[in-house]
Number of protein chains: 2
Amino acid sequence: MAASSTKPRSPAPAPAVHRAEASADDYRLGWFENMVGFHLRRAQEAAFAAFKNRVGGIDIRVGHFAALVLIGENPGINQTVLGRAIGRDKSSLTPILDDLAHRGLVVRQRIVHDRRRYGLTLSAEGERMRDTLQEHAQAHERQLQQLIEPECYEQFVRTLKRIATILPPV
Amino acid sequence: MAASSTKPRSPAPAPAVHRAEASADDYRLGWFENMVGFHLRRAQEAAFAAFKNRVGGIDIRVGHFAALVLIGENPGINQTVLGRAIGRDKSSLTPILDDLAHRGLVVRQRIVHDRRRYGLTLSAEGERMRDTLQEHAQAHERQLQQLIEPECYEQFVRTLKRIATILPPV
DNA sequence: TATTGTTATACTCTATAACTATA
DNA sequence: TATAGTTATAGAGTATAACAATA
């Protein structure tokens, strides 16, 4: 999660992964106590922080990792579709892909019969990087799964998917 | 960064609530398919976007709403403890409380025997605002709950809490 | 005209560090 | 010295709109 390229870190401190601790029990959540939305947010933040800490030694970010995995899974995918898969606008992907391509992890290749698009694939080094990161992610995932009662795991993931996909935009 | 050109791009767009749609099923999630972390993130983003849309007509943000609820629940709480409750650094709360106080929703009162602290309470108007927002939040919550099988609800929330509180920082 | 990807730009959120004033 | 809150600042992350190239 360090900078994608070497960058002078002037007066700035190391951007440590931070998680504000709510250790002391000197407040009441009250109405939030059983709110799904509230705890969904807290859980996501905790999981995200834990993952960032885990891969903290590797100079790559979560969004970059997601791109590596999905390109590996969908070789030849273009940036617009990749954006949909990650849930980000295509313009947000440009700097990510720029970086990954610049580091030789991803290959962008113009598609012959539609020269507007790039087909994205992983280089051999990109595959190695993805594999390394996947090992970390797998360990992280095991850690998460330990917090879920085994008989509830399937249902838990299914519920998350349902929320992500069919929650109406209101 | 190089602002070499003279042509001004367009000025500020309206900060609309956006959710990139992943409608077309023209990609495979592959390895992410059953990852808790991945879907936790997507679910949280969807829920957050839905909530923002719901209260979109009211000039207040999620962090502000959280502050209102928690101050209402813990009258006299100070900013540092409030920050722990929300999971944010105290410095992040200063502008939020500035705004809420400026709008007459929250009252900051120096504590007599420790003049470093403020005791935070809701004004009558703050309570009204909180109540209005809570109605929206309650509707949002009902919507979320409809996506959870009723017999799994308790367990679902419990799991989220467990992830948020006892996930080791690695 | 529509689409892909890029660029310019702006904005939200949040943390860190240094600071003031208290304790 | 330690703590509560503020200020200044940095920077990650991401969107929107306009654009060029191509369809």
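Side chains are part of it too, since the values below use all heavy atoms of this structure and drop only hydrogens, waters and symmetry mates. Every chain is numbered from 1, with letters handed out A, B, ... down the list of sequences.
Residues from residues 114-123 of chain A placing a heavy atom under 4.0 Å of any atom in DNA chain D, listed by number, are A:Asp114, A:Arg115, A:Arg116.
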Exercise for the section: Represent DNA chain C in dot-bracket notation, 5' to 3'. Only Watson-Crick or G-U wobble pairs with both distances under 3.5 Å count; pseudoknot-style crossings use [ ] and interstrand partners use |. Expected result: |||||||||||||||||||||||
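In this structure, NZ of A:Lys52 is placed 15 Å from P of D:dG11, rounded to the nearest angstrom. Computed from coordinates, the A:Asp99 CG to D:dA12 C1' distance equals 14 Å when rounded to whole Å. For the pair B:Phe65 CZ and C:dT12 C1', the interatomic distance rounds to 20 Å; values are reported in whole Å. Protein atom CZ of B:Arg41 is 11 Å distant from nucleotide atom C1' of D:dT14, rounded to whole Å. Counting to the nearest Å, the P atom of D:dG5 and the CG atom of B:Asp89 are 12 Å from each other. Atom pair A:His64:NE2 and D:dG13:P shows a separation of 7 Å (rounding to whole Å applied). Rounded to an integer number of Å, the gap from B:Leu93 CG to C:dT12 C1' is 16 Å. Atom-to-atom, CD1 of A:Ile96 to C1' of C:dG5 comes out at 14 Å; the value is rounded to the nearest Å.
Mapped onto DNA chain D by nearest heavy atom, A:Ser92 and A:Ile111 fall at different nucleotides, with A:Ser92 at the one closer to the 5' end.
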Would you give me the side-chain donor-acceptor pairs under 3.5 Å for residues 30-37 of chain A, sequence neighbours excluded?
{"unit_1": "A:Trp31", "atom_1": "NE1", "unit_2": "B:Gln138", "atom_2": "OE1", "d": "3.3"}
{"unit_1": "A:Glu33", "atom_1": "OE2", "unit_2": "B:Lys161", "atom_2": "NZ", "d": "3.1"}

Under 3.5 Å donor-acceptor pairs involving side-chain atoms of residues 65-79 of chain B, not counting sequence neighbours:
{"unit_1": "B:Glu73", "atom_1": "OE2", "unit_2": "A:Arg28", "atom_2": "NH2", "d": "2.9"}
{"unit_1": "B:Asn74", "atom_1": "OD1", "unit_2": "A:Arg28", "atom_2": "N", "d": "2.7"}
{"unit_1": "B:Asn74", "atom_1": "ND2", "unit_2": "A:Arg28", "atom_2": "O", "d": "2.9"}
{"unit_1": "B:Asn74", "atom_1": "ND2", "unit_2": "B:Leu70", "atom_2": "O", "d": "2.9"}
{"unit_1": "B:Asn78", "atom_1": "OD1", "unit_2": "B:Thr80", "atom_2": "N", "d": "2.9"}
{"unit_1": "B:Asn78", "atom_1": "OD1", "unit_2": "B:Val81", "atom_2": "N", "d": "3.0"}
{"unit_1": "B:Gln79", "atom_1": "OE1", "unit_2": "B:Arg108", "atom_2": "NE", "d": "3.1"}
{"unit_1": "B:Gln79", "atom_1": "OE1", "unit_2": "B:Arg108", "atom_2": "NH2", "d": "3.4"}

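At a threshold of 4.0 Å, the pair A:Arg117-A:Asp114 counts as salt-bridged, since one of the basic side-chain nitrogens sits closer than that to a carboxylate oxygen. B:Glu45 has a carboxylate O that lies under 4.0 Å from a charged side-chain N of A:Arg88, or vice versa, which qualifies the two as a salt bridge. Between B:Glu149 and A:Arg158 a salt bridge is recorded (basic side-chain N to carboxylate O distance below 4.0 Å).
Taking the centre and axis of the six-membered ring of B:Tyr27, the NZ or CZ atom of A:Arg84 falls outside the cone set by 45° and 6.0 Å.
Under the side chain to side chain donor-acceptor pair (under 3.5 Å) criterion, A:Glu141 pairs with no residue, sequence neighbours left out. The salt bridge (Lys or Arg N to Asp or Glu O under 4.0 Å) check on B:Lys90 picks up nothing, with sequence neighbours excluded.
With C:dA15, D:dA15, D:dG5 as the candidates, the nucleotide lying closest to the side chain of B:Gln79 is D:dG5. The side chain of A:Thr94 lies closest to C:dT7 when the candidates are C:dT7, D:dA18, D:dT6.
Judged by atom type and distance alone, B:Thr80 does not reach the base of D:dT3 through any side-chain donor-acceptor pair under 3.5 Å.
Within the nucleic acid shown, A:Arg110 has no heavy atom closer than 4.0 Å to any nucleic acid atom.
Side-chain contact check for B:Leu100 versus B:Ile60: some heavy-atom pair is nearer than 4.5 Å.
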